[in-house]
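To start, the structure under review is shown below, and the notes come after it.
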There are 2 protein chains.
Amino acid sequence: MTTGTTFAIEQATAFRPSTEAPGLMAQFGLRMDYARDEEIYAQEEEADLIYQVVSGAVRTTRLMSDGRRQIGAFYYPGDVFGIEKGEEHRFSAEALCDTVVLVAKRNAVVLAAGREALERFIATATARELDRMQDHLLLLGRKTACEKVASFLLEVADRTKQSLAELPMGRQDMADYLGLTIETVSRMVTQLQTAAIVEFPTCRQFMVRNRAALERLSQ
Amino acid sequence: MTTGTTFAIEQATAFRPSTEAPGLMAQFGLRMDYARDEEIYAQEEEADLIYQVVSGAVRTTRLMSDGRRQIGAFYYPGDVFGIEKGEEHRFSAEALCDTVVLVAKRNAVVLAAGREALERFIATATARELDRMQDHLLLLGRKTACEKVASFLLEVADRTKQSLAELPMGRQDMADYLGLTIETVSRMVTQLQTAAIVEFPTCRQFMVRNRAALERLSQ
DNA sequence: CGCGTGTTTGATAGCAATCAAGTTCTGTGG
DNA sequence: CCACAGAACTTGATTGCTATCAAACACGCG
C-alpha cells in the first residue's frame with residue numbers, strides 16, 4: 001500500500017459515526033468507484049443527487065478563469081456532500097485518492113424513505129456544512145499562514161483517533177484549501193516540526209507532539 | 001435623515017422579491033426593532049429562531065479571542081438569516097443601522113403552517129446561504145484586495161436597481177467582510193474612483209460608471 | 001464653531017508570493 | 001534489485017502586496 005493513495009474506511013469510519021439516518025444512503029445509494037483526481041460531479045451539473053463517502057476522500061473545488069483554485073471542503077468516510085448548491089453545483093467534486101462513494105437520487109429517497117427522513121438527513125448534513133464553512137471563512141479571512149496550517153493539522157488530527165494521522169491530500173490541495181501557496185504550506189509545516197509541535201515521518205502522515213502549542217498557534 | 005443610518009424597505013424590497021413562501025414570516029413572525037450595532041442574537045444562544053429582515057440591514061460576525069473579526073454575511077430586506085447554525089449559533093448577528101426584523105419560532109411555524117412549508121422555506125434560504133458562502137470562500141482565499149473590493153461593490157450594485165447604491169455599512173465592516181484592513185479598503189475604493197470605474201458622492205453611496213471594467217476587475 | 005468619529009492619505013515594515021534550485025519520494029523498466 | 005525519470009516536496013533569495021503606524025481631512029452632531 002502506497003502512503004496516502006488509499007484511505008481505509010475501517011480506519012476512518014471508526015471515528016466518524018454515521019448521522020442520525022445511518023442506513024439511508026447505504027439503503028438507497030448506488031455504489032460508485034472513482035480513481036485519484038477523477039471528477040465526481042462538475043460545476044454545471046444539475047443537483048438532484050446526494051453523495052456519501054464510503055472510503056477514500058473527496059475535495060470540492062472552485063476555479064477562477066485564470067486558474068486560481070479554492071477548495072471548499074474535504075470529505076472523509078461517512079461525510080455527506082453534494083448538498084452545497086441551489087439548482088446547480090457551484091463547486092465540482094473530485095476524488096483525492098481511490099474512493100468509493102454512495103450516490104442517491106433525492107427523489108428516489110423521498111419515495112422510498114419518505115420526505116421527512118430525507119429532510120432530516122439533509123438538514124443534519126447542511127448544519128454541519130454551514131458550521132464548517134463558517135470556520136473556514138474565519139480561517140481564510142483572518143488567520144495567518146501559521147495559524148491556518150496549525151488549524152488544518154489540528155482538524156485532521158481530531159478527525160483521527162489514531163496518534164498517527166494520514167493526509168489523503170498533497171501540499172497543493174492543502175494550499176488551495178487554506179488560501180496559501182504550496183511553498184508557504186511547506187515552510188509552515190517545517191516550522192511546526194522544527195518547534196517539535198508536530199512530527200512528519202513522511203509528508204503524508206504526522207503526529208501531534210505538543211497539542212497545547214498547536215491549539216495556541218491555531219488560535 | 002443621516003446618510004447610511006437608515007435603509008428603507010421600500011427601496012430594498014423592490015429588487016429582492018420574497019421567497020417562495022412570501023407570507024410565512026410575515027404571518028408568524030414577531031416584529032422586532034433594533035438600533036444601530038444592537039445585537040440580534042449572540043454566539044451561544046440556542047437556535048430555534050429564524051429571522052427575516054424587514055428594513056435596515058444585518059451583519060453576522062465571528063470574533064477571535066484577540067479581537068480579529070470576520071463578517072460572515074450582510075443581510076438586507078427580504079433576506080432570511082439565523083439558519084446558519086446547528087445547535088447553537090457560531091456567529092452573532094447585529095443591526096448595521098436601525099433595523100426591523102421578523103422573528104419566528106420554528107416550532108410555531110411548524111404548528112401553524114406545517115412542517116413541509118417551513119422546510120421548503122428553510123431549504124430555499126439555506127441554498128442561497130451556501131451559495132453565498134462559496135463565493136465568499138473564493139473571494140477570501142484567492143482574490144486580491146482590488147478584486148475583493150470590486151466584487152463587493154458589484155454585489156451591492158446588483159442588489160440595487162437604482163443607479164445610486166447605498167452602503168449600509170462602514171469601511172470597517174467592509175474590511176471585516178473582505179478580510180482586509182480599513183485602510184486597504186479605502187485605498188482600493190479611491191483607486192477605483194480615480195480610474196472612473198465607480199463614483200462616490202459620499203462614502204456611503206456610489207454609482208457604477210464602468211460596469212465592464214468593474215466586472216473584469218472582480219474576475 | 002469645535003469636537004469626535006469615520007475616512008482618506010502617506011511612509012514604512014513585514015508576511016507571504018514569486019522565482020529558482022535542490023532534494024526526496026514514487027513508480028517503472030532494465 | 002537497482003537505476004533512472006518524473007513528480008512532489010523542501011529550501012533559498014527576492015519581490016511585492018497588504019498591514020501597520022501615523023497624520024491629515026471630512027462630516028455629522030452638540
Side-chain angles (χ1 to χ4, degrees), chain A residues 1-6 35-37 64 66-70 96-98 139-150 152-153 166-194 198-206 217, chain B residues 1-6 36-37 64 66-70 96-98 139-150 152-153 167-194 198-206 217:
Chain A
M1 165 181 164
T2 307
T3 299
T5 57
T6 61
R36 185 170 184 277
D37 286 332
M64 286 174 67
D66 61 359
R68 278 176 287 180
R69 191 176 73 143
Q70 178 63 46
L96 278 172
C97 51
D98 292 342
L139 179 145
L140 290 173
R142 289 304 183 201
K143 290 190 179 178
T144 64
C146 180
E147 290 168 347
K148 285 176 177 182
V149 172
F152 179 77
L153 294 179
E166 296 261 345
L167 291 173
M169 75 293 290
R171 295 288 185 268
Q172 186 62 61
D173 284 331
M174 288 175 57
D176 287 341
Y177 178 79
L178 299 174
L180 297 171
T181 60
I182 189 175
E183 293 97 331
T184 298
V185 170
S186 184
R187 272 184 251 272
M188 295 303 121
V189 166
T190 302
Q191 195 173 299
L192 289 172
Q193 202 167 198
T194 306
V198 295
E199 185 181 335
F200 279 73
T202 78
C203 65
R204 294 285 193 131
Q205 39 189 16
F206 70 97
L217 285 177
Chain B
M1 162 181 166
T2 305
T3 299
T5 57
T6 61
R36 185 171 185 277
D37 286 331
M64 287 174 66
D66 62 358
R68 280 176 285 179
R69 192 176 72 144
Q70 178 63 45
L96 279 171
C97 51
D98 291 342
L139 178 145
L140 289 173
R142 289 305 182 200
K143 290 191 180 180
T144 64
C146 180
E147 290 168 347
K148 285 175 174 180
V149 172
F152 180 77
L153 294 179
L167 291 173
M169 75 292 290
R171 294 289 185 267
Q172 186 62 61
D173 284 330
M174 288 174 57
D176 288 340
Y177 178 79
L178 299 174
L180 297 172
T181 59
I182 189 175
E183 294 96 330
T184 299
V185 170
S186 184
R187 273 184 251 272
M188 294 302 121
V189 165
T190 302
Q191 195 172 300
L192 289 172
Q193 203 167 198
T194 306
V198 296
E199 186 182 333
F200 279 74
T202 78
C203 64
R204 293 287 192 129
Q205 39 189 17
F206 69 96
L217 285 177

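Here is the naming used below: chain letters follow the sequence lines, and residue numbers restart at 1 for every chain.
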| query | Expressed in angstrom and rounded to an integer, what is the separation of Q191(B) atom CD from dT9(C) atom P? | reply | 11 Å
| Between K143(B) (NZ) and dC17(D) (C1'), how many Å, whole number? | 18 Å
| Under the 3.5 angstrom rule, does the side chain of S186(A) hit a backbone N or O of I182(A) as a donor-acceptor pair? | no
| task | Mind checking the CD-OG1 spacing from Q191(A) to T184(A)? Nearest 0.5 Å is all I need. | result | 10.5 Å
| remark: Rounded to whole Å, the CG-C1' distance (D37(B) to dT5(C)) equals 13 Å
| note | Q193(B) CD to dT7(C) P, in whole Å, measures 14 Å
| query | Nearest to the side chain of T190(A) - dT10(D), dT20(D), dT9(C)? | reply | dT10(D)
| note | When rounded to whole Å, the CZ to C1' distance for the pair R68(B) and dT20(D) reads 14 Å
| request: Could you check C203(A) against T144(A) and say which one's nearest nucleotide on DNA chain C is further toward the 5' end? | output: T144(A)
| query | For L180(B), does its backbone N or O pair with a side-chain atom of R142(A) as donor and acceptor, under 3.5 Å? | reply | yes
| In terms of ring plane angle, is the pair F206(B) and F200(B) parallel, tilted or perpendicular, where the classes change at 30° and 60°? | parallel
| query | Is a donor-acceptor pair below 3.5 Å formed from side chain E183(B) to base dC21(D), judging by atom type as modelled? | reply | yes
| Gap between atoms CG and C1', on L180(A) and dC17(D) respectively (whole Å) | 15 Å
| said: Both R187(B) and I182(B) contact DNA chain C. Taking the nearest nucleotide for each, which residue is further toward the 5' end? | reply: I182(B)
| field | Short side-chain to backbone donor-acceptor contact, Q70(B) and D176(B), under 3.5 Å | value | yes
| message | Under 4.0 Å from OP1 or OP2 of dA19(D): is there any side-chain N or O of T184(B) that close? | response | yes
| In whole angstroms, how far is the C1' atom of dC25(D) from the CZ atom of F200(B)? | 18 Å
| said: Pick the closest DNA chain D nucleotide for G170(A) and for R142(A) by heavy atoms, then say which residue is nearer the 5' end. | reply: G170(A)
| request: Report the nucleotide, chosen from dT11(D), dA16(C), dT8(C), that has the shortest atom-to-atom distance to any side-chain atom of S186(A). | output: dT11(D)
| Atom CD of Q172(B) to atom C1' of dA19(D): distance rounded to whole Å? | 13 Å
